[in-house]
Structure formats: structure tokens, C-alpha cells
S.K.: 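Quick one: the structure is below, and I'll ask about it shortly.
These figures come from a predicted structure and were not determined experimentally. Counting from 1, the numbers follow the sequence of the chain as shown.
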Amino acid sequence: MAKTQLGARVDEDVAELAKKRAADLGLSIGDYLARLVQDDASGLRARAVGAAARFLAEHQAVFDEAEEAQQSPRGARAA
């Protein structure tokens, strides 16, 4: 497939974050950006966020219990 060059201006911190993330994934910055656009256009990101929200809604009590257990020392009792 033929490639087209695009140009965009972003804040330095965004550029550095994109470069680091692309490197972490073993991708060029262009391939990383292409992946992001494809995921967004396909609805993959929206479906993933929706699935995460449904999971948290269904299992929030488990997370709350675990957090409470970590905050309360064992054997501590209210006076």
C-alpha cells in the first residue's frame, strides 16, 4: 500500500510520550500513529472502554472490599 506523509504539531510532552510508547511497542512513530487511528476508526477503543466500564460496574464491590482490607490494619477495632 502506498504511504502518504502527514504533518502535525503537538506539544513537546505529547511528542515525547508518542515516541516512547512507539519504541516500547517496537514500532516506528508512523506505524504507532497509524495503529491508533485504525483502532479509533474501527471503534475498538470505544468498545474496550465500554467493556471496562461494564466490568467495573459489575465488580466494583470486590475492588472496594480489597481497598478497605488494605486500609484497615488486621485486628483493629473501633472503640
S.K.: Is any side-chain N of the basic residue among K20 and D24 closer than 4.0 Å to the acidic one's carboxylate O?
M.R.: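 Looking at K20 and D24, the cut-off is met.
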
S.K.: Please name the pair of heavy atoms, one in I29 and one in K19, separated by the smallest distance, quoted to 0.1 Å.
M.R.: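 That closest heavy-atom pairing would be CD1-N, 3.6 Å.
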
S.K.: Applying salt bridge (Lys or Arg N to Asp or Glu O under 4.0 Å) to D31 and K3, what does each step give before you reach the verdict?
M.R.: CA-CA 11 Å; D31 288 342; K3 295 202 176 205; 3.7 Å; yes

S.K.: How many angstroms lie between CD in E67 and CG in D64, if you round to the nearest 0.5 Å?
M.R.: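 Spacing of CD (E67) from CG (D64) equals 7.0 Å.
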
S.K.: To the nearest 0.5 Å, what is the distance between CG (D11) and CG (L17)?
M.R.: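 D11 CG to L17 CG: 11.5 Å, rounded to 0.5 Å.
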
S.K.: Looking at D39 and R47, is there a salt bridge between them, counting it only when a charged N and a carboxylate O are closer than 4.0 Å?
M.R.: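 Salt bridge between R47 and D39, a charged N being under 4.0 Å from a carboxylate O: no.
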
S.K.: How long is the span from the CD atom in E65 to the CD atom in Q70, to the nearest 0.5 Å?
M.R.: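 Rounded to the nearest 0.5 Å, the CD-CD separation comes out at 12.5 Å.
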
S.K.: Show, in sequence, the C-alpha distance, side-chain angles and deciding distance for F63 and H59, and conclude whether the ring pair (Phe, Tyr, Trp, His ring centres under 6.0 Å) test is met.
M.R.: CA-CA 7 Å; F63 292 106; H59 302 288; 7.5 Å; no

S.K.: Between R54 and G50, is there a donor-acceptor pair closer than 3.5 Å when you use the side chain of the first and the backbone of the second?
M.R.: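 Yes, R54 side chain to G50 backbone: donor-acceptor pair under 3.5 Å.
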
S.K.: Look up atom CG in L25 and atom CZ in R35, then write down how far apart they are to the nearest 0.5 Å.
M.R.: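 L25 CG to R35 CZ: 5.5 Å, rounded to 0.5 Å.
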
S.K.: Decide side-chain contact (heavy atoms from CB on, under 4.5 Å) for R45 and L36; before the verdict, give the C-alpha distance in whole Å, the side-chain angles of both, and the deciding distance to 0.1 Å.
M.R.: CA-CA 9 Å; R45 290 192 183 288; L36 291 177; 2.4 Å; yes

S.K.: Between A22 and S28, what is the shortest heavy-atom contact and its length?
M.R.: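 Answer, listing the atom of A22 first, then S28: CB-O, 3.9 Å.
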
S.K.: Any chance you could measure L33, atom CG, to Q38, atom CD, to the nearest 0.5 Å?
M.R.: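 These two atoms lie 11.0 Å from each other.
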
S.K.: How about E12: does its CD atom have over 12 heavy atoms from other parts shown lying under 6.0 Å from it?
M.R.: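 No, because the 6.0 Å sphere around CD of E12 holds 12 heavy atoms or fewer from other groups.
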
